[in-house]
Amino acid sequence: ETNRREDIAIRVKREHVFEESFRELHRRSPEELKSRLYVIFEGEEGQDAGGLLREWYQIIAREIFNPHYALFTTTPGDKVTYVCNSFSHYNPNHLDYFKFVGRVIAKAI
């Protein structure tokens with residue numbers, strides 16, 4: 001008999017997707033993160049049959065490279081290759097944010 005994991009709900013406001021998604025996933029154990037995710041955008045109608053999750057990944061992917069978080073920067077030569085920002089330490093949560101980014105990428109694949 002197999003145990004079915006509970007799906008994990010990510011409840012976020014569109015205006016704060018990165019921070020709220022970070023809080024939702026940061027508190028989860030690695031075992032919990034093996035479960036499927038589904039997204040609820042607060043204040044909006046709709047059930048996640050895959051479309052909302054896909055949209056969430058697109059928004060998160062953009063936000064990961066948002067200069068506000070100082071996580072990544074483009075290389076001076078080509079402006080299309082991203083590397084870790086040497087100033088990321090100015091963001092007090094930078095190490096936890098990098099871990100969050102890794103979790104999001106792992107879930108995406």
Side-chain angles (χ1 to χ4, degrees):
E1 194 173 311
T2 59
N3 291 337
R4 175 143 162 44
R5 292 186 191 99
E6 291 291 319
D7 293 349
I8 296 175
I10 302 172
R11 295 180 176 276
V12 294
K13 294 184 183 108
R14 282 187 185 273
E15 310 83 56
H16 306 287
V17 170
F18 189 86
E19 296 91 350
E20 291 182 2
S21 298
F22 167 76
R23 278 194 291 278
E24 288 279 336
L25 294 181
H26 184 70
R27 64 187 176 93
R28 303 293 183 162
S29 70
E31 189 62 31
E32 287 177 295
L33 290 173
K34 293 177 183 176
S35 300
R36 290 187 331 185
L37 302 179
Y38 68 96
V39 175
I40 300 167
F41 286 110
E42 289 189 9
E44 296 182 22
E45 295 287 325
Q47 291 187 329
D48 191 355
L52 294 177
L53 182 62
R54 190 173 317 116
E55 184 179 1
W56 176 81
Y57 275 119
Q58 290 172 336
I59 295 168
I60 287 291
R62 270 193 313 270
E63 287 298 300
I64 285 170
F65 299 103
N66 183 334
H68 170 76
Y69 301 110
L71 297 176
F72 299 96
T73 188
T74 55
T75 57
D78 62 15
K79 298 289 184 192
V80 293
T81 303
Y82 284 86
V83 294
C84 291
N85 191 333
S86 59
F87 297 107
S88 66
H89 64 278
Y90 287 120
N91 179 337
N93 293 324
H94 75 286
L95 295 178
D96 287 330
Y97 280 169
F98 280 122
K99 184 176 180 178
F100 166 67
V101 168
R103 287 179 166 187
V104 167
I105 292 170
K107 287 301 291 179
I109 1 184

Arg23: which residues meet the salt bridge (charged side-chain N to carboxylate O under 4.0 Å, His left out) condition with it, sequence neighbours left out?
none

Partners of Thr81 by side chain to side chain donor-acceptor pair (under 3.5 Å), sequence neighbours excluded?
Asp78

Taking side-chain contact (heavy atoms from CB on, under 4.5 Å) as the criterion, tell me which of Leu52, Leu25, Ile60 meets it with Ile10.
Leu25

Grab the two heavy atoms, one from Ala108 and one from Tyr57, that are nearest each other, plus how far apart they are.
N-OH, 3.5 Å

Partner residues of Glu19 under the side chain to side chain donor-acceptor pair (under 3.5 Å) criterion, sequence neighbours left out:
Tyr69

Are any non-hydrogen side-chain atoms of Phe41 and Val12 less than 4.5 angstrom apart?
yes

Taking CZ in Arg11 as the centre, count heavy atoms belonging to other residues, nucleotides or ligands within less than 6.0 Å. Is the count above 12?
no

Side-chain contact, heavy-atom cut-off 4.5 Å: Arg14 with Ile59?
yes

Would you please test Leu37 and Trp56 for side-chain contact (heavy atoms from CB on, under 4.5 Å) and show each step?
CA-CA 11 Å; Leu37 302 179; Trp56 176 81; 4.3 Å; yes

pair Lys107-Val104: side-chain heavy atoms closer than 4.5 Å:
no

Results of side chain to side chain donor-acceptor pair (under 3.5 Å) for Arg28 - residues two or more places apart only:
Glu32

If you apply the rule side-chain contact (heavy atoms from CB on, under 4.5 Å), what do you find for Val83 with Thr73, and how did you get there?
CA-CA 6 Å; Val83 294; Thr73 188; 4.0 Å; yes

Suppose clustering is done on Ile, Leu, Val, Met, Phe, Trp and Tyr with side-chain heavy atoms closer than 4.5 Å. Which residues sit in the same group as Tyr90?
Phe87

Which label fits Phe18 and Tyr97: parallel for a plane angle under 30°, tilted from 30 to 60°, or perpendicular past 60°?
perpendicular

Does any N or O in the side chain of Ser35 come within less than 3.5 Å of the main-chain N or O of Glu6, such that one atom is a donor and the other an acceptor?
yes

Check: Lys13 main-chain N/O paired with His16 side-chain donor or acceptor under 3.5 Å
no

Which distance, rounded to the nearest 0.5 Å, do you find between the CZ of Arg103 and the CG of Asp96?
9.5 Å

Name all residues meeting the salt bridge (charged side-chain N to carboxylate O under 4.0 Å, His left out) criterion together with Glu63; count only those two or more places apart in sequence or in a different chain, and write none if there are none.
none

Worked check of side-chain contact (heavy atoms from CB on, under 4.5 Å) between Phe72 and Asn85:
CA-CA 4 Å; Phe72 299 96; Asn85 191 333; 5.6 Å; no

Answer yes if Leu95 and Phe100 sit in the same cluster of Ile, Leu, Val, Met, Phe, Trp and Tyr residues linked by side chain heavy atoms under 4.5 Å apart, and no otherwise.
no

